[in-house]
2 protein chains.
Amino acid sequence: MARPKRPPWQVEQTKNKIFQATLELFNRQGYEAVTIRKIARRAGCSPATIYNYYSDKDALYLDILTEGFAILYQLLQAEPRSRDPLVRLRAYTAVFYRFSLDHPYYYDIMFSFHVPKYLDYAGTPAEETAFAEKEVALKNIGLILEAMADFYRGCPALRSAPGMVTGRALTLLGTCHGIISLHRSGIWAELETDFSALYFSAVDDYLQKLTREKEELLAGEVRLRAARQQPTGEEYSSRRSFWKKR
Amino acid sequence: MARPKRPPWQVEQTKNKIFQATLELFNRQGYEAVTIRKIARRAGCSPATIYNYYSDKDALYLDILTEGFAILYQLLQAEPRSRDPLVRLRAYTAVFYRFSLDHPYYYDIMFSFHVPKYLDYAGTPAEETAFAEKEVALKNIGLILEAMADFYRGCPALRSAPGMVTGRALTLLGTCHGIISLHRSGIWAELETDFSALYFSAVDDYLQKLTREKEELLAGEVRLRAARQQPTGEEYSSRRSFWKKR
DNA sequence: AGGTTAATTGAACAGTGTTAATATAACTTC
DNA sequence: GAAGTTATATTAACACTGTTCAATTAACCT
């Protein structure tokens, strides 16, 4: 009984070649332009060979996607870890900004696009690769979450609003992504003059809001509840009672 | 010399059939699943016929895109036009929210996706259809811009920061879109509990920020400039000096 | 009726992702 | 070294995609 295999370093090498070829093609031309045959030609193999290493074209893309999240995570971690959580948050948003410019195609598939097959698994995650991708994506958000938790540490009101820290983190990320996304879509190209200024102004505004909120939280909830009398008629009043319920 | 045509109502009807078939298919299955042959079968014509009315598959999609913006515009306009600009803004964000849930596929191609051929015309817009689409898209943003301008009307500091109103409008829209987009991508599905609450909390926070800002603007710039002494070391301070320069 | 011509079509092309049968090549055992 | 075993690689095909073009249809005018 013989159990013959090709040298494992060789098979690993071909898989690497395929991955690398996909990466280069993808970073040059984006999602739509990359085809199995192009990848095969660049990797120096047959189109069918790819299916020995990836079940799907989507599976291959998932590897690319995961690589993208890994790169972003590395960039985020490379940032000097300041003791001030706000400095960290601000640095993260700057990294996020630069990433969207330096790796536009990565950014697209990571945040704007969708490899739908993998991103919404309503039931059990049939593919364990999908799990890995989700994990590495959440690691990125985890850094923001951690900084945000650090920022709000010591606020007594937090116990009654457990989802607040997460909400603040997701809102910050959402704001960053939204501005980047709409800018890149070109939908407001005629209106916007300075993208960078718009982005960081929004970020700073939100961070300032967080600072003010923390001060109020530390000053005690009483001031919060009294806050502002309900105005008459249709005049608008933004309540912040949300995080209290549920 | 004869100038024979098929009855014009008939040709208009086939074009309508094609458009309607695309619309229905699209709203059921989204961008990727819709093919020319499916459209043709549903419209009761040959695949080649479609190319009599649309130069491209992208051109056909552009019509769908435009329809999406038209629907959104209609929804925005249907909102009772309150005298308080903040009420209007808040209503717009609510419409935007509902639209993203009621017309998810529309939302994708309008804000997350990209028919890249048409959205980034660096030079002259070769296709006048692209122009029409841009126009109807900007009409939507125009409503927000108008409300925002109403809100800041009378603030004396605006003359030195002409881009501020636009920036605030785009930031509001960006925030809304970012949260919707990341929610729909599923990237933070494990973390987020109440999407609606997260969304409107972010909106209300921003509107509250605008209210505060306006108060400060009306109180005069002096208080703004003094604002807050620069903290020591690495501690973060969000400056709001941006809108002043340039 | 016959002519003109816009609208429609069937058939084909080049391309896509994917797969089944086949061929290759590396290892073990004789 | 030769034969056998088997993981890897390839060839050829399938069903599909968007798109084009020559040929056909059908409505109008003379």
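What you see is a predicted model, and the numbers here were worked out from it, not measured in a lab. Both backbone and side-chain heavy atoms feed into the values below; hydrogens, waters and symmetry mates do not.
Note: B:Tyr97 and B:Phe195 have tilted aromatic rings, judged against thresholds of 30 and 60 degrees for the angle between ring planes.
The distance between the ring centers of B:Phe96 and B:Tyr107 falls below 6.0 angstrom. Taking the ring centroids of A:Phe99 and A:Phe111, they lie at or beyond the 6.0 Å cut-off. Note: A:Phe26 and A:Tyr61 meet the aromatic proximity criterion, with ring centroids under 6.0 Å apart.
Using a 3.5 Å distance cut-off with no hydrogens or angles, the side chains of B:Tyr54 and B:Asp63 do pair a donor with an acceptor.
Between the side chain of A:Arg37 and the base of C:dG17 there is at least one donor-acceptor pair of N/O atoms closer than 3.5 Å.
Residue B:Tyr54 is classed as having no contact, given no heavy-atom separation below 4.0 Å to the nucleic acid. Counting any heavy atom pair closer than 4.0 Å across all strands shown, A:Thr35 reaches sugar-phosphate atoms only and no base atom.
Atom pair A:Tyr51:OH and D:dA12:P shows a separation of 18 Å (rounding to whole Å applied). Rounded to whole Å, the distance from CD1 on B:Ile50 to P on D:dT19 is 10 Å. Atom C1' of nucleotide C:dT8 and atom CD of B:Gln13 are separated by 15 Å, given to the nearest angstrom. Following rounding to the nearest Å, A:Ile36 (CD1) and C:dT16 (C1') show an atom-to-atom distance of 10 Å. Here C:dA6 presents its P atom at 17 Å from NZ of B:Lys15, a figure rounded to the nearest Å. The nearest whole Å value for the distance from the CG atom in A:Asp56 to the P atom in C:dT16 is 17 Å. Note: CD1 (B:Ile39) to P (D:dT17) measures 11 Å, nearest angstrom. Here the P atom of nucleotide C:dA7 and the CD atom of B:Glu12 are 11 Å apart, to the nearest Å.
Considering only side-chain N and O atoms, B:Thr49 lies nowhere under 4.0 angstrom from the phosphate OP1 or OP2 of C:dA7. Contact check, B:Tyr53 against C:dT8: a side-chain N or O comes under 4.0 Å of OP1 or OP2.
Where A:Val34 and B:Ser46 meet DNA chain C, the nucleotide closest to each residue was compared, and B:Ser46 sits on the side nearer the 5' end.
Here D:dT8 is the nucleotide among C:dT8, D:dT19, D:dT8 with the atom lying nearest to any side-chain atom of A:Asn52. Among C:dT8, C:dA20, C:dT18, the nucleotide with an atom closest to any side-chain atom of A:Ala48 is C:dA20.
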